[in-house]
Each structure stands twice: as structure tokens, then as C-alpha cells.
Amino acid sequence: MRALRVVGLHEDGRSIVCEDTARGERFLLPADERLRAAARGDITRLGQIEIELESQMRPREIQARIRAGESVEQVANSGGIPVARVERFAYPVLLERSRTAEMAQAAHPVREDGPDVQTLGEVVAYAFGVFGQDYTNASWDSWKGEDGKWVVGLNWQTGRSDNRAHWCFAPGAHGGTVSALDENAQALMDPNAYRSLRAVDALGRPSAPVEEQPALEDVEETVVEAPVAEVPEEEPASATADGGLALPGVEEQVEAAKAAPRPAKKKKGHPAVPAWEDVLLGVRSSRG
């Protein structure tokens with residue numbers, strides 16, 4: 001054991017500077033209650049300080065808090081103790097949590113008619129495919145709730161949002177069973193019930209959900225208007241040889257009207273009327 005010489009108080013006001021005279025190295029000692037008690041030679045106070053530090057976070061309490069779902073960093077920060085001390089007692093509990101999460105994935109979800117034939121891992125993997133999510137990026141965890149039952153959690157990210165689903169895991173024969181504890185867990189157990197089917201119009205745009213579209217008898221009759229043909233622009237009128245105005249297309253229409261055969265007149269059922277010369281001469285007309 002090397003001897004150190006006290007140099008003085010550090011500039012921060014909370015540490016003592018010590019020096020190794022043989023090697024010229026300097027060290028810092030925290031000027032806490034234990035150093036003050038040691039400087040006074042108060043052995044009783046030093047023992048009390050050690051008991052108080054140990055009583056702040058006992059190993060059993062560290063493991064209980066880790067088993068309840070807290071991380072090593074959370075326990076260390078709340079207890080004011082080093083992370084290395086928490087890790088010593090937390091390691092076996094973290095292994096227990098990881099193993100329980102693996103067992104829960106092999107459990108069977110509870111349905112209305114009983115346990116499902118498929119396992120929770122198979123059902124969730126199928127649901128991720130239905131929702132278009134990447135199942136390889138999801139992470140499983142487990143911990144014990146306040147009632148002493150194991151809770152299994154699944155975390156995954158969609159865009160910038162973090163999503164979580166929780167089940168209650170009951171170990172037992174054939175892998176045990178799991179029951180959904182929140183809406184996300186229910187959606188993963190029955191993905192088709194949480195998908196809103198939407199019709200698509202001719203342009204590929206989604207319309208109203210299928211369930212919300214009216215029935216055929218509720219649709220009013222619509223009148224489809226025929227498209228209006230575009231009228232070509234009229235050509236300006238030109239002057240004829242005799243000084244008149246010749247409208248565009250008039251001569252062609254007149255010639256076409258002359259050349260077209262005239263429809264035959266239908267004979268009506270009325271009696272023929274004699275001509276006036278037949279009436280004056282008293283001659284019977286053979287017309288008609």
C-alpha cells in the first residue's frame with residue numbers, strides 16, 4: 001500500500017488532492033461524509049454510513065425492480081448507486097425475462113371458442129404481413145405485473161411512431177396461453193377485422209369504405225347526357241358573279257337537295273274530287 005500526501009482542496013471545492021511522493025502522481029478523493037468521519041477517527045460513524053449505503057438498494061430489491069420491468073440504468077439512477085453494482089444482481093433476472101418472452105411466443109392465443117392452434121409468434125408474424133410491417137425489426141420482452149402474472153410486450157416502429165402490444169402470459173401445458181391486454185394486441189391477433197376495405201375508382205383512387213356505400217335500391221337514377229358535337233367554324237361568305245353573296249356550303253346543299261329522290265306521297269282514303277271542266281261539261285271523270 002502506497003502512502004499519499006494531502007496537497008490541498010481541489011478547485012471544485014468538493015475533492016481533496018493527494019500526491020504520491022515517490023512517483024509524483026496526484027489523486028482526487030471526494031470530500032464526503034465518510035472522509036470526514038475517517039479524518040476524525042469516528043469508526044462508529046463510518047459503520048453507520050456503510051449500513052445506510054447498503055440499505056438504500058439491497059440485492060433482493062434490485063432484482064425485484066428489474067423483474068418488474070425496469071432497466072439497469074433506471075434502477076441505478078433511482079437508487080443513486082453505480083450501474084456496475086446493479087448489473088451484478090440484474091443479470092440473472094434479465095435472462096429470466098428473455099426466456100419468458102421466448103416461451104410466450106410459443107404459447108397459444110385464447111379465442112372465443114378456446115385456445116388457437118397456432119402460436120402467438122405465428123399469429124403476430126402473419127399480422128405483420130397483412131399490415132405491411134417488417135416483423136424482423138420487432139422486439140419482445142416480458143416482466144411481472146403488480147398481480148404477479150407475466151406480461152409479454154412487443155415493440156415495433158412504424159415511421160416515427162413507436163408501437164407497443166401487451167399480452168398476459170400463463171405458462172402451462174402445450175406452451176401455455178396468452179390473452180390480449182390492449183387494442184394493439186387484439187389487432188395483431190385478428191388483423192382482418194381491423195382492416196377497412198376500400199373500393200377503388202377508375203383512376204386508382206380509394207373511395208368510401210365498402211360498408212359505407214349505399215345499396216343499389218338507394219341510388220337515384222342518373223341521366224347521362226350525350227356529348228355535344230363540336231360545330232366547325234363557318235367560312236366567311238364570298239361574292240358571286242352577279243354581285244350577290246354566296247354563303248359557304250349553300251350551293252352544295254341545293255344541288256344535293258335536287259339530286260335526292262323525292263319521297264312518294266301516300267294515298268289517302270278520301271274520294272277523288274272532279275276537275276272543274278268535268279263539272280261544267282257534265283263529263284264523268286276517269287281520274288282517281
Reported [atom1]-to-[atom2] distance for the pair [X] and [Y], which is rounded to 0.5 angstrom:
X      : Y      : atom1 : atom2 : result
Gln105 : Thr119 : CD    : OG1   : 8.5 Å
Leu29  : Leu4   : CG    : CG    : 7.5 Å
Asn155 : Asn137 : CG    : CG    : 12.5 Å
Glu122 : Asp116 : CD    : CG    : 9.0 Å
Leu120 : Ser179 : CG    : OG    : 10.5 Å

Next item on the list: With sequence neighbours excluded, give me every salt bridge (charged side-chain N to carboxylate O under 4.0 Å, His left out) pair touching residues 133-144.
Entry: Arg97-Asp141
Does [X] reach the main-chain N or O of [Y] with its side chain, forming a donor-acceptor pair under 3.5 Å?
X      : Y      : value
Ser71  : Gln74  : yes
His108 : Gly176 : no
Asn163 : Gln157 : no
Ser98  : Leu94  : no
Gln63  : Arg60  : no

Next item on the list: Carefully, step by step, assess Asn192 and Tyr126 under the rule side chain to side chain contact (heavy atoms under 4.5 Å, CB included).
Entry: CA-CA 11 Å; Asn192 295 324; Tyr126 170 76; 3.8 Å; yes
Minimum heavy-atom distance between [X] and [Y], given as atom pair plus value:
X      : Y      : value
Ala90  : Ile66  : CB-CG1, 3.7 Å
Glu96  : Thr100 : O-OG1, 2.8 Å
Gly175 : Ala107 : O-CB, 3.3 Å
Val178 : Ala104 : CG1-O, 4.0 Å
Pro109 : Val123 : CG-CG2, 4.2 Å
His166 : Ala185 : O-CB, 3.3 Å

Next item on the list: State yes or no: do Val152 and Val110 share one hydrophobic cluster built from I, L, V, M, F, W and Y residues joined by side-chain heavy-atom distances below 4.5 Å, directly or via other members?
Entry: no
Note to self: Hydrophobic cluster membership, with links at side-chain heavy-atom distances under 4.5 Å among I/L/V/M/F/W/Y: are Ile81 and Phe89 in one?
What the structure shows: yes
Notebook entry, point to check: Step by step, would you call Trp167 with Trp150 a ring pair (Phe, Tyr, Trp, His ring centres under 6.0 Å)?
Noted result: CA-CA 9 Å; Trp167 293 267; Trp150 281 101; over 10 Å; no
For the residue pair [X] and [Y], establish whether any side-chain heavy-atom pair is separated by less than 4.5 Å.
X      : Y      : value
Thr136 : Phe128 : no
Thr158 : Ser161 : yes
Val93  : Ile62  : no

Margin query: Looking at Glu102 and Arg99, is there a salt bridge between them, counting it only when a charged N and a carboxylate O are closer than 4.0 Å?
Written below: yes
Margin query: So if I apply the side-chain contact (heavy atoms from CB on, under 4.5 Å) rule between Val17 and each of Val6, Val7, Leu9, which one comes out positive?
Written below: Val7
Next item on the list: Indicate, with yes or no, if the rings of Trp156 and Tyr135 have centres closer together than 6.0 Å.
Entry: no
Checklist line | Residues Val75, Val83; criterion side chain to side chain contact (heavy atoms under 4.5 Å, CB included); working and verdict | finding: CA-CA 8 Å; Val75 175; Val83 176; over 6 Å; no
Item checked: Verdict with supporting geometry, Phe169 and Met103, side chain to side chain contact (heavy atoms under 4.5 Å, CB included) -> CA-CA 9 Å; Phe169 172 49; Met103 294 173 56; 4.1 Å; yes
Margin query: For Tyr91, I'd like to know if atom OH has over 12 heavy atoms of other residues, nucleotides or ligands within 6.0 Å.
Written below: no
Next item on the list: Check step by step if side chain to side chain contact (heavy atoms under 4.5 Å, CB included) holds for His10 and Leu28.
Entry: CA-CA 8 Å; His10 192 263; Leu28 289 179; 3.5 Å; yes
